[in-house]
Asks: 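A single structure is presented below for examination.
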Amino acid sequence: MAESAACPAFQLGRPRYDQGTFLGRLRHFVDIIDPSTLFVSEKQLKESIKLLDDYKHGTLSPGVSDAQLWQAQKIKQAIIHPDTGEKIFMPFRMSGYVPFGTPIVIGLLLPNQTVVSTIIWQWLNQSHNACVNYANRNATKPTPTSKFLQGYVGAVTSAVSIAVGLNVLIQKANKLSPATRMIIQRLVPFPAVASANICNVGLMRHSELSEGIDVMDDNSNVVGSSKIAARHAIMETALTRVVLPMPIFVLPPIIMSYLERLQFLQSNRRLLLPIHSVVCLVTFGLSLPVAISLFPQMSQIEVTRLEPEIAMATDCKMVTYNKGL
């Protein structure tokens, strides 16, 4: 009984954990962002996909356990886009978000930023975010390259403008003490990144608002394309991008301002950057699964809230759509 509870019966395409609860979604997304999946070989990926195909067609070899099937699905979900069926480029997978994004976060939080360094780090951050947003979007409708480029330019421009503007205001605040000014400067990246992230998601996925996204019935059959569902998907994703940087850009500056006063670190200044890096990595690693667990990836919406033609096309009361990550 204990083994059954630890490993429930496998269901193809269904999450292992209950997506109706925050804890269930958290456990699900901890699996999705597991960095170990970055080291899965092409052979392992093909074997996992074949295992799932065999299960789907009823040709599974005897002796294959539920645990093996769940692991195969975890690998596929971490690497393959659910709409396109294609591999997501490693740095832009959710499992690569923390490993590839942490150096940028460290750069954003370095003290005594100049205007030039602020522009460079904000550009790198929003470039990475733009690619992650695009790679993990709802891809039921094709997006022209021109729209991707327009969104990218808009996202980067907004981020750099907000960050530089806030830094200039702080530098002109002569009434602030040097210590207070340094703490505020360290906190500047949060409002800059949070507001830019909203622009980034909206601009990178703007085509979904005009094209709509596919919504599916209980049997995963597409019943129509909804602009209303697209709006919900983008709003939910944008909210996660506001929550995500909150602890990342608020906690490390506070923690580091305390640690820097310790006699040990004042005598060993060369340890500041390594410790700062570890603080950023841990905070980022904890924040990501919490933020993306706010909403399930496969979200549901009442048919009555969607376009009339979709309500007429199905008898289901609820339909499902891929929110994206």
Side-chain angles (χ1 to χ4, degrees), residues 1-21 23-90 93-95 135-142 213-226 229 233 292-293 295-301 303 310 313-325:
M1 289 295 289
E3 187 177 2
S4 176
C7 187
F10 179 76
Q11 290 181 286
L12 184 64
R14 301 285 183 181
R16 179 171 178 173
Y17 306 105
D18 179 15
Q19 297 300 282
T21 67
L23 182 59
R25 292 194 296 273
L26 182 63
R27 296 178 72 184
H28 170 71
F29 283 117
V30 165
D31 262 359
I32 296 295
I33 68 168
D34 181 357
S36 68
T37 59
L38 296 172
F39 302 101
V40 169
S41 66
E42 189 67 29
K43 181 184 176 184
Q44 286 175 288
L45 176 60
K46 288 180 178 177
E47 287 174 352
S48 297
I49 293 172
K50 185 180 183 304
L51 204 62
L52 297 172
D53 285 343
D54 289 346
Y55 176 89
K56 182 178 180 179
H57 297 112
T59 57
L60 200 62
S61 302
V64 176
S65 66
D66 287 319
Q68 288 175 288
L69 290 167
W70 285 121
Q71 180 64 16
Q73 182 160 282
K74 169 183 172 177
I75 289 171
K76 183 180 178 181
Q77 287 180 336
I79 300 173
I80 304 295
H81 193 286
D83 295 332
T84 64
E86 297 176 359
K87 285 176 66 175
I88 300 172
F89 186 45
M90 189 184 291
R93 297 174 194 165
M94 293 311 291
S95 55
N136 295 279
R137 72 197 185 284
N138 179 300
T140 53
K141 298 285 187 299
I213 59 175
D214 289 348
V215 293
M216 294 158 284
D217 62 17
D218 297 336
N219 298 313
S220 298
N221 297 315
V222 176
V223 296
S225 184
S226 172
I292 61 177
S293 298
F295 306 99
Q297 182 174 358
M298 300 306 293
S299 291
Q300 290 190 313
I301 188 169
V303 172
I310 294 177
T314 180
D315 294 328
C316 295
K317 293 184 178 180
M318 302 282 289
V319 288
T320 305
Y321 60 91
N322 175 19
K323 172 184 69 68
L325 285 174

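Note that this is a predicted model, so its numbers are computed, not measured.
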Asks: Rounded to the nearest 0.5 Å, what's the gap from OG on Ser95 to NZ on Lys74? Could you check?
Replies: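 Output value for this atom pair is 10.0 Å.
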
Asks: Is the backbone N or O of Arg14 less than 3.5 Å from a side-chain atom of Gln73, with the two atoms forming a donor-acceptor pair by type?
Replies: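 Yes, the answer is positive, given that a donor and an acceptor are paired below the 3.5 Å cut-off.
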
Asks: Under 3.5 Å, is there a donor-acceptor pair between the side chain of Gln19 and the main chain of Tyr17?
Replies: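 Yes, because the side chain of Gln19 sits within donor-acceptor range (under 3.5 Å) of the backbone of Tyr17.
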
Asks: Would you say the side chain of Arg25 lies within less than 4.5 Å of the side chain of Gln297, judging by non-hydrogen atoms?
Replies: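 Gln297 does not reach Arg25 side chain to side chain.
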
Asks: Mind checking the CZ-CE spacing from Phe39 to Met90? Nearest 0.5 Å is all I need.
Replies: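 It comes to 7.5 Å.
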
Asks: Roughly how far, to the nearest 0.5 Å, is the CD atom of Glu47 from the OG atom of Ser41?
Replies: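 Those atoms lie 7.0 Å apart.
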
Asks: When you measure from the side chain of Tyr55 to the backbone N and O of Phe10, does any donor-acceptor pair fall under 3.5 Å?
Replies: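 Pair found, side chain donor or acceptor close to backbone of Phe10.
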
Asks: Tell me whether the count of non-hydrogen atoms from other residues, nucleotides or ligands lying under 6.0 Å of CG in Asp315 goes above 12.
Replies: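 At most 12 heavy atoms, drawn from other residues, nucleotides or ligands, come within 6.0 Å of this atom.
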
Asks: If every non-hydrogen atom of Ser299 is compared with every non-hydrogen atom of Lys323, which pair is closest and at what distance?
Replies: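 That would be OG-CB, 4.0 Å.
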
Asks: Between CG of Leu38 and CD1 of Ile33, what distance do you get to the nearest 0.5 Å?
Replies: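 If we round to the nearest 0.5 Å, Leu38:CG and Ile33:CD1 are 11.0 Å apart.
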
Asks: Looking at every heavy atom in both Thr37 and Asp34, which two are closest together, and how far apart are they?
Replies: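 What the structure gives for the nearest pair is OG1-O, 2.8 Å.
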
Asks: If you apply the rule side-chain contact (heavy atoms from CB on, under 4.5 Å), what do you find for Ile88 with Asn136, and how did you get there?
Replies: CA-CA 8 Å; Ile88 300 172; Asn136 295 279; 3.7 Å; yes

Asks: Which atom names give the shortest non-hydrogen contact between Leu69 and Leu52, and what distance separates them?
Replies: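 So the minimum-distance heavy-atom pair works out to O-CD2, 3.9 Å.
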
Asks: With side-chain contact (heavy atoms from CB on, under 4.5 Å) as the criterion, how do Met216 and Met298 come out once you've worked through the C-alpha distance, each side chain's angles and the decisive distance to 0.1 Å?
Replies: CA-CA 10 Å; Met216 294 158 284; Met298 300 306 293; 3.9 Å; yes

Asks: Would you name the heavy atoms of Ala313 and Val223 that are closest together and state the gap between them?
Replies: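 Result for this residue pair: CB-O, 3.7 Å.
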
Asks: Does any non-hydrogen side-chain atom of Gln44 lie less than 4.5 Å from one of Gln71?
Replies: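 Gln71 does not reach Gln44 side chain to side chain.
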
Asks: Tell me, with the steps shown, if Ile80 and Leu45 meet side-chain contact (heavy atoms from CB on, under 4.5 Å).
Replies: CA-CA 9 Å; Ile80 304 295; Leu45 176 60; 4.1 Å; yes

Asks: Verify side-chain contact (heavy atoms from CB on, under 4.5 Å) between Ile292 and Ile32, making sure each step is shown before the conclusion.
Replies: CA-CA 10 Å; Ile292 61 177; Ile32 296 295; 5.8 Å; no

Asks: Ion pair present between Arg27 and Asp31, side-chain N to carboxylate O less than 4.0 angstrom?
Replies: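 So Arg27 does not pair with Asp31 through a salt bridge.
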
Asks: How long is the straight-line distance from NZ of Lys46 back to CG of Leu51, given to the nearest 0.5 Å?
Replies: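 So the gap between those two atoms works out to 16.0 Å.
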
Asks: Considering only heavy atoms from C-beta outward, does the side chain of Ile79 approach that of Lys87 to under 4.5 Å?
Replies: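 Ile79 reaches Lys87 side chain to side chain.
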
Asks: If you compare all heavy atoms of Asp217 against all heavy atoms of Cys316, which two are closest, and at what distance to 0.1 Å?
Replies: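 For Asp217 versus Cys316, the nearest heavy atoms are CB-SG, 3.6 Å.
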
Asks: So which heavy atom on Arg93 is nearest to which on Ala78, and how close?
Replies: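 Reported closest heavy-atom pair: CD-O, 3.6 Å.
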
Asks: Hey, are the side chains of Pro8 and Arg16 touching, using non-hydrogen atoms and a 4.5 Å cut-off?
Replies: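 The answer is yes; the side chains approach within 4.5 Å.
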
